[in-house]
2 protein chains.
Amino acid sequence: MQAQLIALDWGTTSLRAYKLAAGGEVLEQRSLSTGIMQLPSGPRTLAGRVCVDGFELAFDEACGDWLDAQPGLPVIACGMVGSAQGWREAPYCDTPANVANLGHSLQTVRSLRGVDVHIVPGVIQRSRLPNVMRGEETQVLGALHSLPDEAVLIGLPGSHSKWVEVADGCIEHFDTFMTGEIFAVLSDHSILGRTQQRGATFDGLAFDRGVQVALSVDGQIGPLSTVFSARSLGLTGELMASAQADYLSGLLIGHELTALATVQRRRRDSIHLPAVVLIGNSQLCARYQRALDACGFARVTLAEQATERGLWQLAVAAGLLDSTASR
Amino acid sequence: MQAQLIALDWGTTSLRAYKLAAGGEVLEQRSLSTGIMQLPSGPRTLAGRVCVDGFELAFDEACGDWLDAQPGLPVIACGMVGSAQGWREAPYCDTPANVANLGHSLQTVRSLRGVDVHIVPGVIQRSRLPNVMRGEETQVLGALHSLPDEAVLIGLPGSHSKWVEVADGCIEHFDTFMTGEIFAVLSDHSILGRTQQRGATFDGLAFDRGVQVALSVDGQIGPLSTVFSARSLGLTGELMASAQADYLSGLLIGHELTALATVQRRRRDSIHLPAVVLIGNSQLCARYQRALDACGFARVTLAEQATERGLWQLAVAAGLLDSTASR
C-alpha cells in the first residue's frame with residue numbers, strides 16, 4: 001500500500017515516526033530516543049554534505065529510508081520540535097484554541113534533502129499561572145471523534161501530565177502537573193531513591209496504598225510531607241525496598257488526582273466529577289486508571305492512536321495531502 | 001580557658017565541631033563538609049596505624065588537634081552519625097520523648113585514639129505515616145529554655161524541615177517536609193533548572209510572589225502543579241531567569257506552610273495558629289520567617305545556639321563532665 005504522509009511525534013526525550021497510508025492507516029511506525037534534548041551529534045554525510053546538525057541527523061534516522069523510497073511524501077511533526085529549543089519555533093496559539101484549525105498555522109523548515117517539515121504549533125493559556133503544551137494539542141484533536149457528547153476531561157499522563165477541558169472542538173482550559181518528572185528526580189537524585197529497589201514488575205498493592213494515603217486525612221498535609229513516608233515506612237519495616245517506588249508513584253499520582261478533583265468540582269460548581277478520556281502510554285494510563293477510580297472519577301475510557309490520527313487530520317486540514325488520499 | 005567538652009553535630013552533608021568550656025561556653029567552632037555521606041577516603045596514619053575508615057578520618061580532622069592538646073576531653077555527637085549508615089547506630093527513642101532524658105540513652109563507639117564518642121539517639125514517631133529525626137531532638141532540647149509558656153511549635157528548616165510540638169519537655173508530635181531537598185533536586189535535575197539563572201543575592205520579591213501563589217486560590221491545585229509556573233511564567237516573559245530560583249523557593253515553602261497551618265488548625269481545633277520558634281541556618285530561617293508571616297503565623301522568634309546548648313545539656317545529664325564544669 002502506498003504511503004501518503006510521514007507523521008512525527010518529536011518530544012523532549014523521544015521521537016516516534018509513523019508512515020501513514022490513505023485514511024491515516026498506519027503502515028509502519030518507529031520509536032527512537034532522539035528527542036530534542038538527546039539529538040545525535042554526527043558528523044555524517046547527508047545529501048552529499050557533511051552534516052553535524054542534530055535535527056537533520058535525527059530526521060534522517062527516523063525516516064530517511066521512507067523518503068528515499070518515496071521522495072515526494074509530505075512530512076508533519078508535533079511536539080517540542082516546535083519549541084524555542086526545537087528545529088523551528090512554531091509560536092503558540094492561545095486558548096480557546098480550535099484544535100482542527102491548528103493545521104492552518106503550521107511552520108515550515110526545509111531539510112537538507114529538500115523536504116519541508118511542517119511543524120504544529122503548541123497551545124498557551126495565559127492564565128495567572130500560565131500553561132503551555134506542545135504535542136498534546138495534536139493528541140486531543142486525534143481523540144475528539146471518540147469523545148462522548150457530555151462534558152469530558154482529557155488526561156494526558158506523562159513527565160508533565162496535562163488535564164484538558166474541551167468544548168466544541170476547542171481547548172478551553174488546561175492544567176499541568178509535573179508528577180512524572182518529580183517522581184523521576186526523587187527516585188534518581190533524592191534520599192528516597194537510596195532505599196528503593198526497583199523491580200521489573202508493577203506492585204499494584206504498593207501503588208494503591210500510596211493512592212490511599214494521598215486520599216486519607218494523613219494526605220491533607222500534602223505531597224511535600226507525605227513523600228517522606230516512602231522512606232520512614234521502610235525504616236520501620238512497614239514498606240519493603242522493592243515496594244517503595246510504586247508506593248511513591250501511587251502517592252504522587254494520588255495527590256495529583258486529589259487536587260484535580262478539588263479544582264474540577266470548584267470550576268464546575270458541582271460535586272460530580274466529569275468523565276475522563278486518557279491518552280498515552282498504556283502502562284502509565286493503567287496506573288492513572290486505577291488511581292482515578294479510587295479518587296471518584298468513575299467513568300474512564302482510553303483513546304487509541306490519538307497522536308497519529310491527530311497528525312493525519314492536521315495534514316489534511318493544511319492541504320498537505322492529495323485530495324484522494326485524505327478520505 | 002580550659003575546654004570541658006567536644007560536641008559534634010554530624011549530619012548527612014556536614015560536620016560541625018564545638019569546643020566548649022564550663023557552662024557550655026563556645027571556645028571554638030568549625031564547620032566541615034565531611035557529613036556521613038561525604039566522608040574522607042584516606043589512607044592516612046592515625047594513632048600509629050594506617051587508617052581508611054572515613055569516620056575515623058573525619059573525626060580526626062574535626063577535633064584531633066583539640067584531643068592532642070587535652071587528651072581526656074569527653075566527646076558527644078548527634079545527627080545521622082547515629083543512623084544505620086552512621087558510625088554506630090543509636091536506636092531511636094519513641095515519642096513522647098523527654099529530650100533531657102536522651103542523655104541516658106547514649107551509644108558509645110571507641111575511636112582509634114582510644115577516646116569514646118557518645119552518640120545521641122534520634123526520635124521516632126510511630127504514626128500511620130511514621131516520622132524520624134536525628135539531630136533535631138538535640139536542638140529542641142537546646143531551645144527549651146527559651147520557649148514561652150504557651151503552646152509553641154518549633155520549626156527546624158533544612159533539607160527535611162521538621163515541625164515539632166513540645167509539651168512538658170517532651171516531643172509529643174512532629175511532621176517532616178522534604179521541601180529543601182525537593183527544591184534542590186528540581187533546581188539541579190529537572191527542566192525547571194534549565195531556565196534558572198542563579199545569582200548570589202536573595203530576590204525577596206520573587207520569593208514573596210511564590211509564597212503568595214501558594215496561598216492563593218490558584219495554589220489550591222497543589223505544588224505538583226504550581227511548580228510548573230516557574231517555567232511557564234518565564235516562557236511568557238513574566239518571570240526573569242534570575243528570579244526563578246527564589247520564586248520556586250517561595251512557592252515550595254509557601255505550600256509547606258499552608259499545609260502546616262491547615263494541619264495545625266485541625267489538630268488544635270482552633271483557627272488560631274501557635275507561636276513559632278525557629279532553629280537553624282540564619283538565611284534559611286529568614287526565608288521561613290517571611291513566609292510564616294504571610295501565612296498567618298504572626299509570632300515567630302529565633303532560638304540561637306540550640307545545637308551546642310543541647311549537646312552540652314545531654315553531656316551533663318549523661319555524667320560526662322566534671323561536676324564542677326557543668327554549672
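What you see below is based on every heavy atom in this structure, not just the backbone, and it leaves out hydrogens, waters and symmetry mates. In what follows, every chain begins at residue 1, and chains take the letters A, B, ... in the order their sequences are listed.
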So A:Leu192 and B:Glu181, side-chain contact (heavy atoms from CB on, under 4.5 Å) or not? Walk me through it. CA-CA 10 Å; A:Leu192 301 182; B:Glu181 186 169 10; over 6 Å; no
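- Highest contact tally toward chain A, considering only B:Gly222, B:Pro223, B:Ser159, is held by B:Pro223 [criterion: heavy-atom pairs under 4.5 Å].
- B:Gln85 touches chain A through its side chain: at least one heavy atom from C-beta onward sits under 4.5 Å away, while N, CA, C and O do not.
- The contact between A:Val213 and chain B is made entirely by side chain atoms (from C-beta outward), counting heavy-atom distances below 4.5 Å.
- Here A:Phe228 contributes atom CZ and B:Ser161 contributes atom OG; the two are 10.5 Å apart, rounded to the nearest 0.5 Å.
- Ranking A:Glu256, A:His255, A:His160 against chain B, the residue ahead of the rest is A:His160, based on heavy-atom pairs under 4.5 Å.
- Residue B:Arg128 places its CZ atom among 12 or fewer non-hydrogen atoms of other residues, nucleotides or ligands, all under 6.0 Å distant.
- Atom OG of residue A:Ser229 and atom CG of residue B:Asn131 lie 9.0 Å apart, to the nearest 0.5 angstrom.
- Counting heavy atoms from C-beta on, the side chains of A:Arg231 and B:Val132 never come closer than 4.5 Å.
- Both the backbone and the side chain of B:Thr176 come within less than 4.5 Å of a heavy atom of chain A.
- Between chain A and the options B:Asp175, B:Leu233, B:Thr179, B:Leu186, heavy-atom pairs under 4.5 Å are most frequent for B:Leu233.
- With a threshold of 4.5 angstrom between heavy atoms, B:Ile191 approaches chain A through its backbone and through its side chain.
- Of the listed residues A:Val263, A:Asp188, A:Ile124, A:Asp218, the one with more heavy-atom pairs under 4.5 angstrom with chain B than any other is A:Asp218.
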Derivation and outcome, side-chain contact (heavy atoms from CB on, under 4.5 Å), residues B:Val227 and A:Ile182: CA-CA 10 Å; B:Val227 291; A:Ile182 290 173; 4.2 Å; yes
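- Ring geometry, B:His189 versus A:His189: the interplanar angle falls under 30°, so the pair is classed parallel (tilted spans 30 to 60°).
- A 4.5 Å side-chain heavy-atom check between B:Met178 and A:Leu224 finds every atom pair outside the cut-off.
- The neighbour count for A:Arg268 CZ, taken as heavy atoms of other residues, nucleotides or ligands under 6.0 Å away, is above 12.
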Evaluate side-chain hydrogen bond (donor to acceptor under 3.5 Å, both in side chains) for B:Gln220 paired with A:Arg266, printing each intermediate quantity in order. CA-CA 10 Å; B:Gln220 289 174 10; A:Arg266 191 182 70 218; 2.7 Å; yes
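- Contacts between A:Leu252 and chain B at a heavy-atom distance below 4.5 Å involve backbone atoms as well as side-chain atoms.
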side-chain contact (heavy atoms from CB on, under 4.5 Å) for B:Arg126 and A:Glu238? Distances and angles first, verdict last. CA-CA 11 Å; B:Arg126 299 185 190 275; A:Glu238 295 168 85; over 6 Å; no
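- You'll find the side chain of A:Pro130 stays beyond 4.5 Å of the side chain of B:Leu235, heavy atoms only.
- Using a 4.5 Å cut-off between heavy atoms, B:Leu260 does not touch chain A at all.
- Taken from CE in A:Met133 to OG in B:Ser232, the straight-line distance is 12.5 Å, to the nearest 0.5 Å.
- Proximity of B:Phe177 to A:Ile221: side-chain heavy atoms (C-beta onward) are separated by under 4.5 Å at one or more points.
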